[in-house]
Amino acid sequence: GQQVMQIPQYQHVQEGEDFTTYCNSSTTLSNIQWYKQRPGGHPVFLIQLVKSGEVKKQKRLTFQFGEAKKNSSLHITATQTTDVGTYFCAGSNAGGTSYGKLTFGQGTILTVHP
Amino acid sequence: DAGITQSPRYKITETGRQVTLMCHQTWSHSYMFWYRQDLGHGLRLIYYSAAADITDKGEVPDGYVVSRSKTENFPLTLESATRSQTSVYFCASSELDSDQPQHFGDGTRLSIL
């Protein structure tokens, strides 16, 4: 079945440093979504990427979808303590038995030291 | 997201007991999902539903039963709880399709002793 691998599993940064998490799929994706989960909270949808090579920005967050639609990244510039949490990517398979279902990566737990 | 509520928020039970987790949404979204979250595994899909009376298995359905007699409710039942089912369970809904953005409830933290 479809696998979505996310790295790193943990990332500790000093406030003001940049942060990047990467997401790789074993199959071509029709779309990829990113979610943020604050400690003790629930996942909250951030953004969806659909097109090959697509780049979207939300303030200090930059999201990219690879040309082959098999990988994606989330980059945060100048992290703040409010960025703490777990960031998940979730991919939708473009075909095969997992078609039409979201598969979540394992998540990257971000800690920001003030 | 006040539109999707889960109950209870916390539950402790014993192995072999039947447990039902409730999920209610007020958006009239067609799609509803149940996930379990365990450290190192992210979110794994247990079951999902495309509409009332239509359900399908996800990645880890064994030991779970779902029903959807009404669009707004999607209960998840553990027929005979096992320790391996100790987890945080999230219900989610999606308006358009099963692979479109999902709205999550606050979760149920279930401990099985």
Side-chain angles (χ1 to χ4, degrees), chain A residues 1-10 21-50 56 58 63 65 69 85-109, chain B residues 1-10 21 23-25 27 29-51 54-61 87-110:
Chain A
Q2 179 187 8
Q3 287 193 334
V4 176
M5 306 300 293
Q6 196 173 346
I7 57 171
Q9 189 173 356
Y10 302 94
T21 175
Y22 301 90
C23 190
N24 294 288
S25 170
S26 56
T27 59
T28 303
L29 301 171
S30 59
N31 76 71
I32 193 153
Q33 299 165 27
W34 286 91
Y35 293 78
K36 177 183 178 181
Q37 183 178 22
R38 296 183 185 275
H42 59 273
V44 174
F45 171 75
L46 293 176
I47 207 160
Q48 178 177 262
L49 304 171
V50 178
K56 286 188 176 181
Q58 289 180 349
F63 305 84
F65 200 8
K69 301 183 76 172
T86 302
Y87 292 84
F88 291 99
C89 62
S92 173
N93 204 10
T97 57
S98 299
Y99 174 72
K101 298 174 191 171
L102 277 184
T103 300
F104 281 80
Q106 302 94 321
T108 296
I109 300 172
Chain B
D1 288 307
I4 186 164
T5 55
Q6 292 184 237
S7 61
R9 289 294 313 279
Y10 303 91
L21 309 184
C23 179
H24 175 80
Q25 54 114 349
W27 291 309
H29 285 175
S30 295
Y31 289 85
M32 295 188 75
F33 311 84
W34 274 106
Y35 293 90
R36 60 177 291 173
Q37 183 174 31
D38 306 287
L39 194 61
H41 291 279
L43 292 155
R44 291 183 291 175
L45 182 64
I46 304 171
Y47 270 96
Y48 71 105
S49 169
I54 301 175
T55 62
D56 204 354
K57 295 179 180 179
E59 181 186 353
V60 288
S87 186
V88 180
Y89 291 85
F90 286 101
C91 178
S93 71
S94 175
E95 181 180 10
L96 298 176
D97 210 333
S98 58
D99 65 346
Q100 294 303 304
Q102 296 180 10
H103 302 268
F104 285 79
D106 289 335
T108 295
R109 187 173 294 273
L110 178 64

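So you know, we letter chains A, B, ... as the sequences are listed, proteins then strands, and number each from 1.
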Chain A contact via Tyr35(B) - which portion, at a heavy-atom distance below 4.5 Å: side chain
To the nearest 0.5 Å, tell me how far Gln33(A) CD sits from Gln102(B) CD. 7.0 Å
Which bit of Gln6(A) comes within less than 4.5 Å of chain B, counting heavy atoms only: side chain, backbone, both or neither? neither
If you count heavy-atom pairs under 4.5 Å with chain A, which of Ser94(B), Gly42(B), Pro101(B) comes out on top? Pro101(B)
Please determine whether the number of non-hydrogen atoms from other residues, nucleotides or ligands lying under 6.0 Å from atom CZ of Arg38(A) exceeds 12. no
Scored by heavy-atom pairs under 4.5 Å with chain A, the best of His41(B), Gln37(B), Arg44(B), Glu59(B) is Gln37(B)
Measure the CD-CG distance between Gln37(A) and Leu43(B) for me, rounded to the nearest 0.5 Å. 6.5 Å
Looking only at Asn31(A), Ile109(A), Ile47(A), Thr86(A), most heavy-atom pairs under 4.5 Å shared with chain B are made by Asn31(A)
Would you say CZ of Phe45(A) has more than 12 non-hydrogen atoms from neighbouring residues, nucleotides or ligands within 6.0 angstrom? yes
I need the minimum non-hydrogen distance between Phe90(B) and His42(A), along with the two atoms involved. CE2-CB, 3.5 Å
